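Ligands are counted one by one from 1 in listed order, and the atoms in each one are counted from 1 as well. Since the structure is predicted, the reported quantities are computational estimates derived from the model, not experimental observations.
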Amino acid sequence: MALDLETREQLIDTVRRFVTERLRPLEAKVSEDDAIPDEVLAEMRELGLYGLSIPEEFGGLNLSMEEECLVAVELGRTSPAFRSAFGTNVGIGSQGLVMFGTDEQKAKYLPGIASGEIITSFALTEPEAGSDSANVQTKAVLDGDHYVLNGVKRFITNANKAHLFTVMTRTDPSKPGAGGVSAFLVERDLPGLSVGKPEKKMGQQGAHICDVNFDNVRVPVANRLGREGEGFKVAMQVLDRGRLHISAVCIGVAERLIADSVAYATERKQFGQAISNFQLIQGMIADSKTESLAAKALTMETARKRDAGQSVTMEAAAAKYFASEMVGKVADRAVQIFGGAGYVADHGIERFYRDVRIFRIYEGTSQVQQVVIARETLKRGG
Ligand code: COS
């Protein structure tokens, strides 16, 4: 349900101030320490950031998709690792439960997810199932009133902190593709579940991804999400939504980098004047601004369509594709405008350049988005 305009503005203003005053000064430290300070995580909980998308009856803010995207743009104006801390609770870690959960499942987990006491992760990817996510091999075999899970999940965001995983498994080995996949809510402390060490990554230090191993993990039948064989649909619908959220974050990062580039170009002098006077610099700023505005228009229009109840599989893929490629180009131009200063660590520009690279990969690579866009367009006949 949409907030009234005044409340929406207040929320956006609060998030903007938190980002500017609290998070931005910590960017270099978080990157160096590869950790977000506990007191900052506590403040995020107090602000309600873990519960942005959770229905009000369970303690969340129940934002519409458009509102969530507006907030995500604000959150994008700082290191993306900060958003990642609660991003799984807002998106891929909680939305399977919100969309497909039973009343009992929702009552059990959603209040803790909204408050941030329960951290969630989305466990789809496996060593042999990346873009081909219908190929999941993690098995769930029915045994009385439990399923027994065996397998490995890979690159799972926030797995090191998570209390609850949405896990896509194969319950029907006779169906090799999407039809044999079922989703489960799996609690972290079940015997046989273990989490690997955080991977060393190119960027977004402070956000972590790990393997999750299942060795005869007994999960109650009551924790199945949706029907048997419905797990792939759960994953795809969660991702349709998640892709819009990521698009909005990309726009926020782009706006930040454009502002930083403008500030630097205005102050930096070469050939006796500010480099912002040079048309070749202006050309880069104009391209970044134009592409960022286009990504915002597409993302917000798609969010409003989703709020109106329309299917946005194609449009969300298009937004994610365009926005993630856009922010890659904007980050590259920012390094170029900063020149040598962009390549060294002091201004944080090279850090953003590395941080944004993952946007073209996770929640579906650009190539997967192209496939989704083309398939849907062909289906619709244009
Ligand atoms: N919403 C609802 N249902 C969907 C759907 C969606 N967005 N997309 C697909 N489905 C359904 C299809 O309708 C189909 O159902 P039926 O068999 O009943 O017709 C079923 O799911 C299989 O769909 P499809 O044939 O398109 O599956 P593919 O194996 O060809 O996979 C891609 C399609 C590549 C698009 C999919 O695997 C994908 O998105 N991969 C990337 C996954 C990803 O983003 N990983 C990142 C990890 S999370 S950070």
Worksheet item: Do Glu117 and Ser115 have side-chain N/O donor and acceptor atoms under 3.5 Å apart?
Response: yes
Item to complete: Answer yes or no: is there a side-chain heavy-atom contact under 4.5 Å between Lys296 and Glu255?
Response: yes
Tabulation required: pairs of a nitrogen or oxygen in ligand 1 and a protein nitrogen or oxygen under 3.5 Å; columns are atom names and distance to 0.1 Å; otherwise 'none'.
unit_1   : atom_1 : unit_2 : atom_2 : d
ligand 1 : 7 (N)  : Asp240 : OD1    : 3.3
ligand 1 : 7 (N)  : Asp240 : OD2    : 3.0
ligand 1 : 7 (N)  : Thr313 : OG1    : 3.4
ligand 1 : 26 (O) : Arg375 : NH1    : 2.5
ligand 1 : 30 (O) : Arg375 : NH1    : 3.2
ligand 1 : 30 (O) : Arg375 : NH2    : 2.8
ligand 1 : 37 (O) : Ser131 : O      : 3.3
ligand 1 : 37 (O) : Ser133 : OG     : 3.0
ligand 1 : 39 (O) : Arg243 : NH2    : 3.2
ligand 1 : 40 (N) : Ser131 : O      : 2.8
ligand 1 : 40 (N) : Ser133 : OG     : 3.4
ligand 1 : 44 (O) : Arg243 : NH2    : 3.0
ligand 1 : 44 (O) : Gly364 : N      : 2.9

Practice prompt. Check Arg224 against Arg227 and note the closest heavy-atom contact, atom names and distance.
Written response: NE-C, 3.8 Å
Worksheet, complete the sentence: Quick note, salt bridge (Lys or Arg N to Asp or Glu O under 4.0 Å) partners involving residues 25-40, not counting sequence neighbours, are Glu27-Arg256, Glu27-Arg351, Lys29-Asp33
Discussion item. Enumerate the salt bridge (Lys or Arg N to Asp or Glu O under 4.0 Å) contacts for residues 174-201, please, sequence neighbours excluded, ordered by first and then second residue.
Written reply: Lys108-Glu187
Worksheet item: Which pairs, with at least one residue in residues 198-251 and sequence neighbours excluded, count as a ring-ring contact (aromatic ring centres under 6.0 Å, His included)?
Response: none
